[in-house]
K.L.:
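Here it is, the structure in full.
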Amino acid sequence: MAEVKKIKAAKKPKLADPKEASIDLTSQELIAHAQKLGVETIFDRAMNLKPCAIGIQGICCKNCAMGPCRLPLPKGGIEGEDTRKGMCGATPNTIAARNFVRMIAAGSAAHSDHGRGVAEVFLSAAKKETDAYKIKDVDKLLDIAPWLGVETTVEVDGEELDRDIDEIAVEVGENALKEWGKNEGELLYAKRAPAPLYAKWKKNGVIPRNIDREIVEIMHRTHIGVDQDYKNLIKQGTRAALCDGWGGSMLATDLQDVLFGTPYPLQSEANLGVMKEDHVNLIVHGHEPVLSEIIVAVAQSQEMIDYAKTKGAKGIQLSGICCTANELLQRHGIPTAGNFLQQELAIITGACDAMVVDIQCIMQNLANVAKCFHTKLITTHPLGKMEQENVIHIEFNEHYALEDAKRIVKMAIDNFENRKSEVMIPQHKTTQIAGFGVESIKYHLGGTFRGDYYTLNDNIINGRIRGLAGIVGCNNARSKHNDQHVTIAKELIKNDVLVLTTGCSAIACAEAGLMTPESAQVYAGQGLAEVCETVGIPPVLHLGSCVDNSRILLAATEVVKAGGLGDDISDLPAAGSAPEWMSEKAISIGHYFVTSGVYTVFDLPFPTSGAPVFHNYITKELEEIYGGMWAFASDPIEHAHKMIAHIDKKRKALGIDKARERVLMDFDDRRAL
Ligand code: BF8
């Protein structure tokens with residue numbers, strides 16, 4: 001008799017509880033709406049797909065075909081010698097360090113390749129090979145030129161004359177591009193760091209040679225049978241991370257500012273409630289602003305607005321997701337639709353007529369969600385295509401940028417009348433003041449005539465501002481959406497710590513209403529609230545996208561230069577944080593902050609915890625070398641208080657931990673003075 005196989009009924013997938021999945025009301029409503037429609041989102045997938053407990057601790061090696069070798073920590077921890085090894089004998093330290101530096105390589109590559117793309121468009125604009133782009137910020141061009149070895153003046157007959165701007169721009173573009181592959185010398189921007197930090201890097205031999213080389217070298221060293229010393233591996237990780245923060249990311253920020261304009265504070269809105277039912281909704285998502293900058297101009301043109309009206313729409317609502325959102329927000333005030341975990345939800349509103357994506361942080365499931373609605377999903381970058389058939393690819397080319405942008409905007413407009421499902425746009429949105437940066441902080445706090453960081457330093461020294469914190473990074477579906485970013489930011493400002501933020505963290509803070517000057521009165525401690533009220537800034541400053549973390553490095557450098565708070569970034573009462581991190585870019589960012597002297601807290605689990613010796617090295621011993629270290633916390637309040645404790649430790653070391661007593665001086669005292 002034939003064997004009868006019992007077929008188990010497939011388990012019904014679990015659904016996320018919207019209130020457990022996100023703190024954001026808009027997201028909660030749309031998660032529930034998606035579930036009602038039977039459309040799966042990342043929040044539901046997180047309920048059914050569990051992470052690998054070994055991989056998450058960094059102790060699975062799959063760098064050759066004898067493995068994967070998985071080295072779980074014994075229950076109850078390691079007693080005595082750690083005898084775990086892979087097939088080739090690789091120890092947990094080697095495996096975790098290899099995996100970790102490969103994450104740095106990927107993160108640094110992503111930011112730096114973005115920078116390279118911008119540098120290529122910049123050079124093409126400087127050479128006037130395209131009409132779509134023109135140099136917008138000549139002052140910033142002149143500021144960065146000397147750092148890239150470009151003279152801004154020329155001596156003629158003993159007289160120093162200004163050089164031609166076009167000539168300077170071409171040389172800046174050429175020298176910038178050389179940073180990726182030059183044969184000699186070192187990363188030019190390393191010299192922008194405070195001198196003691198540069199000296200530490202030099203002494204430890206970690207100044208990058210060129211951007212591509214340091215990333216390639218990680219792939220070589222982590223191939224089977226090459227580097228088997230975790231300290232040597234992390235040293236190379238440091239070179240590659242510095243290539244990101246002080247290289248590819250910093251070049252991307254600078255060249256974007258010169259080409260598209262340096263941001264200054266402006267007002268806009270945040271959250272999916274910025275979408276409009278009676279407008280064509282076009283959403284740009286990803287990272288490189290080169291195409292989306294042109295889309296802004298086209299979407300705002302009368303020709304396209306009139307065309308949208310012929311299709312029954314009242315206008316065109318352009319909004320952004322992830323770091324493209326931050327780029328367009330800080331320069332044009334384009335509203336932010338959402339951060340990483342809200343990308344599927346934007347389509348689930350039923351009102352997204354087109355979503356245009358380029359590179360990084362784009363979920364492949366967008367294509368499956370788009371299939372359930374009328375949304376046109378358009379990929380635009382040769383590096384980022386999708387296999388699903390409903391995805392349209394319009395490859396961006398800077399020489400035809402205007403034509404590409406027009407085609408895309410028109411496609412969104414033509415799709416307006418194809419909406420087939422009920423439109424459900426939640427009605428929540430917040431006001432945000434964004435567009436802060438090194439330059440604007442200078443003028444905001446120092447005034448137009450003597451723009452400098454002295455006033456900021458003065459307020460840190462007198463204790464109104466206890467210290468500075470950078471909160472950056474992603475959302476992670478393993479953690480409640482936006483919860484940690486917002487809880488940590490609120491706890492810090494309550495304790496008079498001024499917060500600088502970028503990326504998806506900035507979007508989370510904006511959605512929670514922390515980016516208006518008025519929010520200081522509600523959430524900030526008395527000292528910080530006084531400063532915010534006096535100069536009219538929010539207690540949480542939006543510094544842009546993830547490549548703009550370079551703005552935080554340079555702002556910290558300016559604080560050092562202004563004086564009174566030590567000689568190096570590691571002396572400052574400052575700390576960094578990436579609470580809901582998930583991307584390899586976040587690891588690269590964390591490591592360049594640590595090796596630039598910043599105490600940096602990430603949440604757990606962390607991909608080094610399965611190798612206690614290596615984990616201990618990056619959490620404790622790195623501080624002796626660079627002054628910064630990795631630190632961890634899983635509870636957001638504990639996370640914030642670790643940062644505050646570090647800030648207080650630095651205040652004490654600087655001798656500014658006690659409020660100075662006010663002494664009334666009599667005549668004798670004055671004469672003695
Ligand atoms: O680069 S914060 S989820 S969007 S990786 Fe991605 Fe993380 Fe958001 Fe910007 Ni940064």
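Read the numbers this way: they start at 1 and go in the same order the structure lists the ligands and their atoms. These values consider heavy atoms only, across backbone and side chains, with no hydrogens, waters or symmetry-generated copies.
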K.L.:
Only one of V39, I42, I31 clears side-chain contact (heavy atoms from CB on, under 4.5 Å) with E344; which?
P.N.:
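Per the side-chain contact (heavy atoms from CB on, under 4.5 Å) rule, the option paired with E344 is I42, out of V39, I42, I31.
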K.L.:
So does R102 pair up with E584, basic N to acidic O under 4.0 Å?
P.N.:
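Not counted as a salt bridge, because no side-chain N and carboxylate O are separated by less than 4.0 Å.
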K.L.:
Quick check for you: within a radius under 2.8 Å, how many protein N, O or S atoms neighbour atom 6 (Fe) of ligand 1?
P.N.:
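Total protein N/O/S atoms under 2.8 Å from atom 6 (Fe) of ligand 1: 1.
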K.L.:
Could you check whether Y626 and H591 have their ring centres less than 6.0 Å apart?
P.N.:
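They do not qualify: ring centres at least 6.0 Å apart.
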K.L.:
Taking the six-membered ring for Trp, is the centroid-to-centroid distance between F100 and W630 below 6.0 Å?
P.N.:
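Close enough - the centres of the two rings lie under 6.0 Å apart.
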K.L.:
Which atom pairs, donor and acceptor, lie under 3.5 Å between side-chain atoms of residues 239-248 and protein residues at least two apart or in another chain?
P.N.:
| residue | atom | partner | partner atom | Å |
| --- | --- | --- | --- | --- |
| R239 | NE | G205 | O | 3.0 |
| R239 | NH1 | Q236 | OE1 | 2.5 |
| R239 | NH2 | G205 | O | 2.8 |
| D244 | OD1 | H111 | ND1 | 3.2 |
| D244 | OD1 | S249 | OG | 2.6 |
| D244 | OD2 | H111 | ND1 | 2.9 |
| D244 | OD2 | S588 | OG | 2.7 |
| W246 | NE1 | S596 | OG | 3.0 |

K.L.:
Determine the sole option in V598, V497, L498 for which the side-chain contact (heavy atoms from CB on, under 4.5 Å) test with L468 is passed.
P.N.:
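That would be L498.
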